[in-house]
Each structure stands twice: as C-alpha cells, then as structure tokens.
Amino acid sequence: MTPFVPQDLDRKWQQRWTDDRAFEAAVDPARPKFYCLEMFAYPSGHAHMGHVRNYSIGDVLARMKRMQGFNVLHPFGWDAFGLPAENAAIKHGIHPEASTRGNIAHMKGQLQRLGISYDWDRELATCDPEYYRWNQWLFIRMFEKGLAYRKRSTVNWCPGCHTVLANEQVVDGGCWRCGSPVELREREQWCLRITAYADELLGAIDTLAEWPEKVLMMQRNWIGRSEGARVRFALASDPGTTIEVFTTRIDTIFGSTFVLLAPEHPLVTSFAALAPDPDAFRARVHAFRTQDRAARLSGEVEKDGFDTGQRAVNPFTGASVPVWVANFVLGEYGTGAVMAVPAHDQRDFEFARRFGLPIAAVVTADGARVDPDGLSEAMDAYGTLVDSGPFSGLPSAEAQQRMVAHAGANGFGEGTVQFRLKDWGISRQRYWGTPIPVLFCDTDGIVPVPDADLPVVLPPVAEFTGRGDSPLAQVPAFVNATCPACGGPARRETDTMDTFVDSSWYFYRFADARNNAQAFDPAAVKYWLPVDFYVGGVEHAILHLIYSRFFARVFRDLGMVDHDEPFTHLLTQGMVLKDGAVMSKSKGNVVDPDAMMQKHGADALRLYVVFVAPPEKEIEWTDEGLEGSWRFLARVWRLVDHWSAALVRAGNGPAWETLSLSPDERAVRRKTHGTIHRVTADVGERQQLNTAVSAIMELVNTLYSFSDATMTGPPGAARDADRGGRAERAETVAVMGEAVRALVRLLAPFAPHVCEELWERLGQEGGLRVARWPEYDAAAARVEAIVVPVQVNGKVRSRLTVAANASEADLERLALADAAVMSHVGTKRVRKVVVARGRLVNVVVA
RNA sequence: GCCGAAGUGGCGGAACUGGCAGACGCGACAGACUCAAAAUCUGUUGCCGGUCACCCGGCGUGGGGGUUCGAGUCCCCCCUUCGGCACCA
C-alpha cells in the first residue's frame, strides 16, 4: 500500500506543468475554442477563500473542456491600479508600484500552489505601461467620437478616499470601498457617454440567455428606461422662458395644479433674485441641497418645499399654476422639474395636502367625476379621462398618444425616453491609475496626447501625503508640457482614470496580451472571443459587467470586434462564509487557504469548495467538510492502489465481445457509463459541480462494493489480507479497468494533482493533458431490469422487478397479481390503473 | 413601497419535462480490525408509534386552500428569510 501524501503530489505535478508549459494556448482555427475566464484579481496581497472558490470553479470547466478536445484559453491577470496601494503608501511610505508588484508575486504563488491551469504566458497587470497605454489610446478614440467629454457637474465626493465616485460606486449613500458618507461637490470631470448606448444595452439584455436572471434584472433596473413626454410650461411673467418637465403620465396633465422644481434647477437661482427676500430664499434652497442627502440616508424624509412666487402656464389648460421648489425633486433626473398632479401621484398628493394646494381628479376608473376632497391617497391607476377638455372620455393609453401628438403639433412638447442611467464620470484625483492623456493649452484648449507619444507614463512620486489635490498636480515635470498643436506651453491633465476603465476590456487583451503595436489584433479576438464562460462575484453585476458591455460596443463601433456581447455565459458564484459571516480580519474568522493546502493538499481544498453547494450559492466553511473531501481522495487513492497492479498487467482492456460478463459486472459497467453521462452534463451543461462530484462518489462507492464482492475484498479492509492473492476473472479486471480509468479522468478537473499521479500509476502515457474525456457508451449504460414501484391510491405498497421494456399491459397485469398490492386493495373495487411506463403503477380503488 | 429569488432531516444539500422525497457529504450510533486508541472497512441514521429482530402502521418538503390517479415540483392566498432598486415624476 502506497501512502497518500497529497502535498508531495502537488509539488511534483505543478513543477511538471510549469516545465511542460502545459496550459499555454495558441490560435488554432482547426479546433473549436473555449475561452474560460475568472474575474481577474485586485492584488491585495493574499488570496482568500472567495478567490479559491472562484478559480476552482473556472478550472474545472477549463480542464474538462481541454480533455474534450477544445482549444482552451484560460488566462489570468491583475487589476493592479487602485486606492488601497496608494493609501498604504500614504500610511507606510511604500511606493504603490513596489507593494503592488510584491503582492502580485505572492498571490501568483498561491494560485500556482492551488494548481489552477492558467496560461501564465498571457499574464498582465493593469499598472503595466504596456497595458494602460491602451486605456489611453481608447480614451482618445472615445474623445474623438464625442464619447469622452468634459463636464462640470455635481459629483459624488468621497472624503475618505479623497476622490470622486461614479454613481455605480455609491452604495447606500456611502463609498463602495471605504463606506464614508458621500458628499456632493461641483467639479469639472471627464465622462464617458455610456448613455449613448443605454437603449442598446437594455434591449440586448434579452439576448443574454446564459446569464443569471438576477443579474439581468439588476441591469434592467439600473438602466431604468421610462417612456414619457417632455412638456414646456411658459412662465406667466415671461412667456419667453419655459420650465420643461418630464412626465410618464401626460394623460393626467389636466390635473396638474402646480409645478415643482428641484433645488438644483437653474431657474431657481433667477427666481431667488426676484423674490421679496432673496437671501431667505437662497437660504432655504441651500438647506435643501445640503440636508437632503444626509437626511435620506436615515430613511423617512419629510416632503418639504416653498412657493417661488412665480407662476407657470399649463399649455393644455391655459391655467396659470404656482411654481414651488421641493426637496424630493431630483436635479439629476429628467429635467429637474415636474408637473405635479396630486390626484394621481402619491408624492404630489402628500405635498398638496400639506401645503393646501388644489387637487383635481382627471383620470378615473369609469370616467365619472370624483370629488378630490374625498381622496385619502392618490389614484395612480390608468383609467378613463374626465374634465380633460377634448381628451375627456379617452382611455389613458390612447390619451397619452393623442396628447403627445397635440404637444408636438403645437411646439410645446414631445415624446421622449428617459433613462436612470447616467454618463460615467471617470476622473479620479489619485496617483495610482491611468493618467488621462490630454493637455490643456491656452491657445488650443483641450488637446489629446498624440498616439505616438503614448503611453503617458506615471512619474515616480517620492512622497505620498494624502493631502491636497491630485498627487500628479504636485509634480511639475509631469504637469508642464508642450502643446502638440501649437508648440506652446501646455498643462497636463492630472486626474487619473477610474480603475473600472482598466477592467472593462482586459478580456480582449488576454487574446493578444503581448501586442505592442495595438490594443489587440482583431483576428485573435475574433478567434477567442466572446468569453464562453465567465465566473465572478455578483458584486460586479452592475459595475464591471455593464461597463464591459459598453466597451464591447465601443470596440465594435471602432471596427475592432465583431460581436455585441463579450460574455456568453455568466456564473456568479456565492460567497464563502464562516460562522454565518463573510471572512474578515476584523471578525477574526479568516481561514487561510495556504494553511489548508499544507494540511490536506490543494485537491482536497478545490474539491471541497465545489462540492459543498451549487456554485452560485453561498457556502459555509467547515473544517469537517474539508476533511471529508480529503477522505474521499484518500479512498480513491486506495481503490486505485489496490487494483493498479492487476490493471497495469491487463493493459487497456480486451474487446468486450470476447468476454462474458456476470450480472454484477454488467452493473458496474452500467454505473461507470451512467456516471460519465451525468458528470459530463452536470459540469458542461448545468455547472452543477456539486452533483457531479456526488455522482463520482457514488461510482467509487459502487466500486468498493464490487471489490468487496470479488475475491480481492474492499480496499483497505481488515480482511483484505485474507482474500488477497486469489486469481481474478479477466472480466472482473476488464470491468474494473474501464471504471477506474473513467473515474480518474472524471475526477481530474476537480483534483488534478492526485489524478495525474494515479493516471501515471495506471501505466498511462503522456499525462492527463493528452488523455481524452471518457466516452459515454449508451449501450453499456442501458438498464436491463428495472424496479417499478406500485402504489395503491398514491401510496407505495410494492415493487415489481421487470424488464426495462415491459409494456403497460404487462405492468398492469403484474401489479394486479402482486400479493402485497392485492392485500391493500382487499375487497374494494379497482376503479382504474394508471401506468407510467418504466416509472410507476398506481392502482386506484374506490 | 416596488421588483426578484428562496424556504426540504441535527447540518450542507439531491430529486431531468408532476411519478419511490431525503442521492452525495458532514455529524451521530453500532460492528469488524486493535492490548487499546486513531485510521480504515462494513452497517444504521426524517419524525412518531406498534409484542422497533432486519416486520408493520401513521405523519412528513414554511402555513392554508386548490388542480390531479398522483404535487417538493403546477395554480391561488398568507408567513418568513435573503438580494436588488428605492421620493426616477
């Protein structure tokens, strides 16, 4: 008996794979490709169990597809720019470059010890100038097409990180990274026009058939398309000035009894000047703008507002209505102004009641008048219009069409589509990111850096203080430049890009990672992309995954890629918990992957994280579970060890026709092929890795029982010695040989180190890399006899053992002849017999 | 508030289009081996009950109703948990 020491196997086979450059991929049009990708990692310094699970799932797919003959691209890289490295620099004085490189080296070692089959030749880090150079290149292309532009706007400012955040990066009013409450600031920044693709990004969600419904829903929600109309209300005092409102309910416009402006609305400033007490007016506006966001965090915010003293004319009714400022109207959405219809909108209703503003009901269920004084809440349902001039009596839907047409014909409105999605602000006032490649020249304005001068390389910065503006602004040699247009002095942009820019296209770069002439060769991308299988956490459902879909379309419109969607199949894996909580240093519940690998080997760890639950569910870490996986591998080891001498002696097996198998032996073949079928489907089609593993475990259990029944005894049994040495039937050895060789290959994607070793010990040449995935033989898997349960009134009372192809008539006859069945039927009349062929018989009695 | 997902043994989880609920693993219990223990091998393990010896009966997939010969699975109502969005006009 050879002892099972998985740690030795890990070392041996990892070395072999490295020496053989086993997982490097090259374009090969003759073979079908499979691009398997796990979300690349931020090099925090240490891989955690979440990483282990993520990469283990991907590696099972990659290794299986490779054995199935696919040309597999399975790369890895580093999302290496970002704030933590810079914050560490401020705190400890280590340059981000140094700490990042050190972290990468350490984490790469950890992944290699896990035995993930990456093509390390394509490794990249986004902080490589040869990578971020193409961020800059793409930014300039986007600038040329008007997709990158500069805008002064209210931005989310994180006081903890000293930088601006995109809307997607604000979670519950706080910074997604450090949690500090976000402040609003006015700032000029670079934006990417993702809204130009809003409609397409939304519509194409329906084509993402292999994405989790949850993610699609989140994206739909995030884009937030609503159809409606813009309508302009002229000021009563100045008909040349209009207030434009956005509404999805133009059918209620005859009930609009006042107009509300967001505190941020541009007209508010001019109204203040006209007010009897401008200072008091401005003070109230200011109160709204500052109090607003903080108050919203605490939940209930009371609707508040005040009269501007101005009046606007409802273009449909000609009525002059008051204009108020309201704290609940959002400056960033729509036009920043709404027509209030208190009878049909709950918010307006509350506002009107509070301030005694008039209410008019104009859409009711049956088209009859309703007394607004009797309302206790707004009627927001569609219905039939009433008191709406020429539109009275129309149903809401038809009225909306006619009213939009009416507004258009008279020039005071039109139908529009409004999105919740906003353009992506990418300027960050930090050092450790991609420099935005533009120059500011007094004569030529904004001038992009010429392609020939790329990359704009980050200057070495000696000191990180964390104070002041962007660190780059404090480096004169960086800031002071020459205008490429006029040759005069120019000032360089000192903001860097949001790191989500880096991660929005790295999967293209992997297709051609060493290209120094372009971001990637379109031909390589045409071969490898789209990504066939993408695994990562749900936390990227709207950030990374929506940005990447946007960038795919930008590259498409640049003629560099020919698809719309970059990821065909998406799997969002669940988190790894300990004691019901996410592992974290502060909670002290971190389980260190390295320690686990030292204890039980890489394979046991890999197997555990995929076996314990379906990939998309969260899992609870238990040491016992890991030990169970180790035990299973040891069990497989003993089984193969027990039989290997006989199997090697017998070679790869005679033709089945020359053998005459016993029923037990046929049953083993049936189990073997049934398992091949199940594992292939569970991994390849359903990604139910946990049930694939349990199928393999069942096979192993069957082989132990079968060993027990043969003269060899079960592997490792105390009575092993009693039976050892007896001659085995050629048939037994053939059946075992087939089963064991299938077992080792089926298990190989999950536990590659152990399986490589076992494969070698079985006398197989060339390693698992050249081994083919076992082939399913339907004939061998076919069952001869089946057990059919017989129910009486839906309760199982007996079982029949019959030929698999027994007819319905036979089943009915046998069921009614069965003693146990008849004793339950007794003297009752048999009303009918339901036969589900091959499945069940149900005898229904009165 | 709106949208979505999920509730199955002591635990993690199985169950393809309605057809033997609880595969597989963890834990627990027993036997074999051992001076003994560990490891290993072999069993048992949903709950309740009955002259529980390996036999029999009843109940059982969050709760209540329904469709069906038959429901974890389909329909209606309710409860709970988790996730997303949240004054979006």
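In what follows, chains carry the letters A, B, and so on, assigned in the order in which the sequence lines appear, proteins first and then strands, with residues in each chain numbered from 1.
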Colleague: Mapping A:Glu627 and A:Phe246 onto RNA chain B by nearest heavy atom, which one lands closer to the 5' end?
Modeller: A:Glu627
Colleague: Of the listed nucleotides (B:rG57, B:rG83, B:rC85), which one gets closest to any side-chain atom of A:Trp222?
Modeller: B:rC85
Colleague: Using the side-chain heavy atoms of A:Val834, tell me which of these nucleotides is nearest: B:rU42, B:rG19, B:rC85.
Modeller: B:rG19
Colleague: Taking the side chain of A:Pro614 as its heavy atoms from C-beta onward, which of B:rA89, B:rG13, B:rG83 lies nearest to it?
Modeller: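 Nucleotide nearest to A:Pro614's side chain: B:rG13.
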Colleague: Any idea if B:rG7 is syn or anti, going by the 90°-from-0 cut?
Modeller: anti
Colleague: Atom NE2 of A:His344 and atom P of B:rC87: how far apart are they, to the nearest Å?
Modeller: 23 Å
Colleague: What integer distance in Å separates A:Met697:CE from B:rA23:P?
Modeller: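 For the pair A:Met697 CE and B:rA23 P, the rounded distance is 14 Å.
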Colleague: Taking only the side-chain heavy atoms of A:Ser694 (C-beta and beyond), determine which of B:rA89, B:rC24, B:rC20 contains the nearest atom.
Modeller: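 Shortest atom-to-atom distance from the side chain points to B:rC24.
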Colleague: Between A:Arg678 and A:Glu698, does at least one N-O distance fall below 4.0 Å, as a salt bridge requires?
Modeller: yes
Colleague: Return the nearest nucleotide to the side chain of A:Asn701; candidates are B:rC24, B:rA89, B:rG27.
Modeller: B:rC24
Colleague: Would the base of B:rC69 count as contacting A:Asn842 through its side chain, where contact means a donor and an acceptor less than 3.5 Å apart?
Modeller: yes
Colleague: Looking at every strand, decide which applies to A:Gln791 at a 4.0 Å heavy-atom threshold: base, sugar-phosphate, or nothing.
Modeller: base
Colleague: Considering only the C1' atoms, how many Å lie between B:rA89 and B:rG7, rounded to the nearest integer?
Modeller: 37 Å
Colleague: With no angle test and no hydrogens, is the base of B:rC87 tied to the side chain of A:Lys303 by a donor-acceptor pair under 3.5 Å?
Modeller: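 Pair found.
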Colleague: Has A:Arg249 got its NZ or CZ under 6.0 Å from the middle of the six-membered ring of A:Tyr382, at an angle within 45 degrees of the ring axis?
Modeller: yes
Colleague: Please measure how far the C1' atom in B:rC11 lies from the corresponding atom in B:rG64, and state the result in whole Å.
Modeller: 29 Å
Colleague: Considering the options A:Val844, A:Val821, A:Val843, which one meets the side-chain contact (heavy atoms from CB on, under 4.5 Å) requirement together with A:Val830?
Modeller: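 Considering A:Val844, A:Val821, A:Val843, a side-chain contact (heavy atoms from CB on, under 4.5 Å) with A:Val830 is found only for A:Val843.
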Colleague: Mind checking whether A:Trp424 and A:Tyr547 have parallel, tilted or perpendicular rings, split at 30° and 60°?
Modeller: parallel
Colleague: Establish, with yes or no, whether the OP1 or OP2 oxygen of B:rG12 is under 4.0 angstrom from a side-chain nitrogen or oxygen of A:Lys617.
Modeller: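 Answer is no, no contact under 4.0 Å.
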Colleague: Could you give the distance separating B:rA6 and B:rG60 at their P atoms, to the nearest angstrom?
Modeller: 24 Å
Colleague: Both A:Lys795 and A:Lys832 contact RNA chain B. Taking the nearest nucleotide for each, which residue is further toward the 5' end?
Modeller: A:Lys795
Colleague: What nucleotide, of B:rA14, B:rA89, B:rC85, holds the atom closest to the side chain of A:Thr691?
Modeller: B:rA14
Colleague: A:Thr247 has a side chain; which of B:rU42, B:rG19, B:rA89 sits nearest to it?
Modeller: B:rA89
Colleague: Is the phosphate of B:rA86 approached by A:Arg420 (side-chain N or O, under 4.0 Å from OP1 or OP2)?
Modeller: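 It does, given that an N or O in the side chain of A:Arg420 lies less than 4.0 Å from OP1 or OP2 of B:rA86.
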Colleague: For the C1' atoms, the ones on B:rA36 and on B:rC48, what distance do you get once it is rounded to whole angstrom?
Modeller: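 The same atom, C1', in both gives a distance of 40 Å.
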Colleague: Given atom CZ of A:Arg631 and atom P of B:rG27, what is their separation to the nearest angstrom?
Modeller: 5 Å
Colleague: To the nearest Å, how far apart are A:Lys671 NZ and B:rA23 C1'?
Modeller: 9 Å
Colleague: Determine whether a donor-acceptor pair (one donor, one acceptor, N or O, separation below 3.5 Å) exists between the side chain of A:Arg839 and the base of B:rU17.
Modeller: yes
Colleague: Where the side chain of A:Ala613 is concerned, which of B:rG83, B:rA89, B:rG13 is the nearest nucleotide?
Modeller: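 From the listed options, B:rG13 comes nearest.
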Colleague: Is it possible for you to check whether A:Lys303 lies under 6.0 Å from the centre of the six-membered ring of A:Phe351, through NZ or CZ, and within 45° of that ring's axis?
Modeller: no
Colleague: For the pair made of OH in A:Tyr382 and P in B:rA89, what is the distance, rounded to whole Å?
Modeller: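 Taking atom P of B:rA89 as the reference, OH of A:Tyr382 is at 10 Å.
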Colleague: Provide, to the nearest angstrom, the distance between the CG atom belonging to A:Leu633 and the C1' atom belonging to B:rA39.
Modeller: 16 Å
Colleague: Measure from CE on A:Met218 to P on B:rG4 and round the result to the nearest Å.
Modeller: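 Distance check: A:Met218 CE to B:rG4 P gives 15 Å.
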Colleague: Are A:Trp621 and A:Tyr608 close enough that their ring centres sit under 6.0 Å apart?
Modeller: yes
Colleague: NE2 of A:His540 to CG of A:Leu545: how many Å apart, nearest 0.5 Å?
Modeller: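 One finds 8.0 Å between NE2 of A:His540 and CG of A:Leu545.
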Colleague: Under 4.0 Å from OP1 or OP2 of B:rC24: is there any side-chain N or O of A:Arg635 that close?
Modeller: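 The answer is no; no side-chain N or O of A:Arg635 sits under 4.0 Å from OP1 or OP2.
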Colleague: In whole angstroms, how far is the C1' atom of B:rA89 from the CG atom of A:Asp345?
Modeller: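 Rounded to whole Å, this separation is 6 Å.
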Colleague: For A:Arg638 and B:rC41, is the shortest distance between a side-chain N/O and OP1 or OP2 below 4.0 Å?
Modeller: yes
Colleague: Nearest to the side chain of A:Arg799, which nucleotide is it out of B:rC20, B:rG12, B:rG13?
Modeller: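 Selected nucleotide: B:rC20.
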